[in-house]
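Some notes on the structure that comes next.
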Amino acid sequence: GENVEQHPSTLSVQEGDSAVIKCTYSDSASNYFPWYKQELGKGPQLIIDIRSNVGEKKDQRIAVTLNKTAKHFSLHITETQPEDSAVYFCAASIRNSGYALNFGKGTSLLVTP
Amino acid sequence: NAGVTQTPKFQVLKTGQSMTLQCAQDMNHNSMYWYRQDPGMGLRLIYYSASEGTTDKGEVPNGYNVSRLNKREFSLRLESAAPSQTSVYFCASSLRVSSGSTDTQYFGPGTRLTVL
């Protein structure tokens with residue numbers, strides 16, 4: 001299937017610093033790009049999403065940017081807190097699939113006090 | 001609302017045994033999905049059901065079957081379990097109001113399956 005590449009696989013930042021996670025996708029028909037946060041032993045939870053007709057979206061300390069020409073999108077978390085520690089997944093919609101998603105392999109974020 | 005529920009939470013099988021993973025949602029969603037999650041592999045789509053009465057294969061359907069029992073329930077069956085099917089299985093659902101738009105998928109808590 002179409003690929004979603006996610007980097008880095010692990011990220012360690014100090015509390016208060018910013019964290020950036022980057023993803024690239026290959027399917028030019030993808031038009032929906034969500035980001036999920038997964039805590040240990042739980043299912044993924046949506047934290048923010050962006051559609052192809054928008055270049056940037058912000059929700060408090062979290063922002064996502066999308067560059068459709070280059071086929072990449074990024075998650076930015078500012079003023080990180082220890083409770084932001086989790087695994088983050090990016091995803092891109094799959095064409096003709098009933099709107100299923102292709103996921104990146106995840107980024108394990110650790111925020112140290 | 002309970003959201004998306006999955007049963008069982010944990011299961012251990014022997015090679016060759018069969019079992020069905022159950023998923024239900026109470027959000028009146030139209031679309032439902034089954035994913036598996038393996039270490040370092042992210043989530044991979046097994047099967048999906050765009051609407052009641054339809055099912056389609058995803059990226060990794062081999063060894064699995066699904067049934068969209070009604071609008072609320074979407075089950076995943078392993079007919080003859082293999083060690084390669086050891087994984088965490090997640091069910092998800094989305095509203096999907098109209099064609100051409102993609103909307104939020106809500107995930108269940110997962111089923112942790114071990115095949116010996």
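Computed from heavy atoms alone, side chains included, the values below leave out hydrogens, waters and symmetry copies. To find a chain, count down the sequence lines: A is the first, B the second, and so on, and within it residues start at 1.
Residue contact with chain B, scored on non-hydrogen atoms closer than 4.5 Å, is absent for A/Q6. Contact of B/R44 with chain A is not made at all, since no heavy-atom distance falls under 4.5 Å. Heavy-atom distances place no part of B/Q6 under 4.5 Å from chain A, backbone and side chain included. Both the backbone and the side chain of A/P44 come within contact range of chain B, with heavy atoms under 4.5 Å apart.
To the nearest 0.5 Å, atoms CG (B/D38) and NZ (A/K105) are separated by 11.0 Å.
Atom NZ of A/K22 is surrounded by 12 or fewer heavy atoms from other residues, nucleotides or ligands within 6.0 Å. Other residues, nucleotides and ligands contribute more than 12 heavy atoms inside 6.0 Å of the CG atom of B/L116. More than 12 heavy-atom neighbours from other residues, nucleotides or ligands sit within 6.0 angstrom of CD on A/E15. When the shell of 6.0 Å around CD of A/E83 is examined, it contains more than 12 heavy atoms from other residues, nucleotides or ligands. Around OH of B/Y106, the count of heavy atoms belonging to other residues, nucleotides or ligands within 6.0 Å does not exceed 12. Atom CD of A/E79 has 12 or fewer neighbouring heavy atoms from other residues, nucleotides or ligands inside a 6.0 Å radius.
Residues B/T104 and A/D49 form a side-chain contact, since some pair of their non-hydrogen atoms from C-beta on lies under 4.5 Å apart. Side chains of B/F107 and A/L46 form no contact here, defined as non-hydrogen atoms less than 4.5 Å apart. Side-chain contact between B/Q37 and A/F89 is present, with heavy atoms from C-beta onward closer than 4.5 Å.
Note: the hydrophobic cluster containing A/V13 also contains A/I77 (ILVMFWY, side chain heavy atoms under 4.5 Å, direct or indirect links). Tracing side-chain contacts under 4.5 Å through hydrophobic residues (I, L, V, M, F, W, Y), one reaches B/L43 starting from B/Y48; they form part of the same cluster.
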Go through B/E59 and A/F103 one step at a time and tell me if the side chain to side chain contact (heavy atoms under 4.5 Å, CB included) criterion holds.
-> CA-CA 11 Å; B/E59 181 185 355; A/F103 282 82; over 6 Å; no
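Under a 3.5 Å cut-off, the side chain of A/Y36 and the backbone N or O of B/Q105 do form a donor-acceptor pair.
Listed here is the closest heavy atom pair of B/R112 and A/K42: NH2-N, 3.9 Å.
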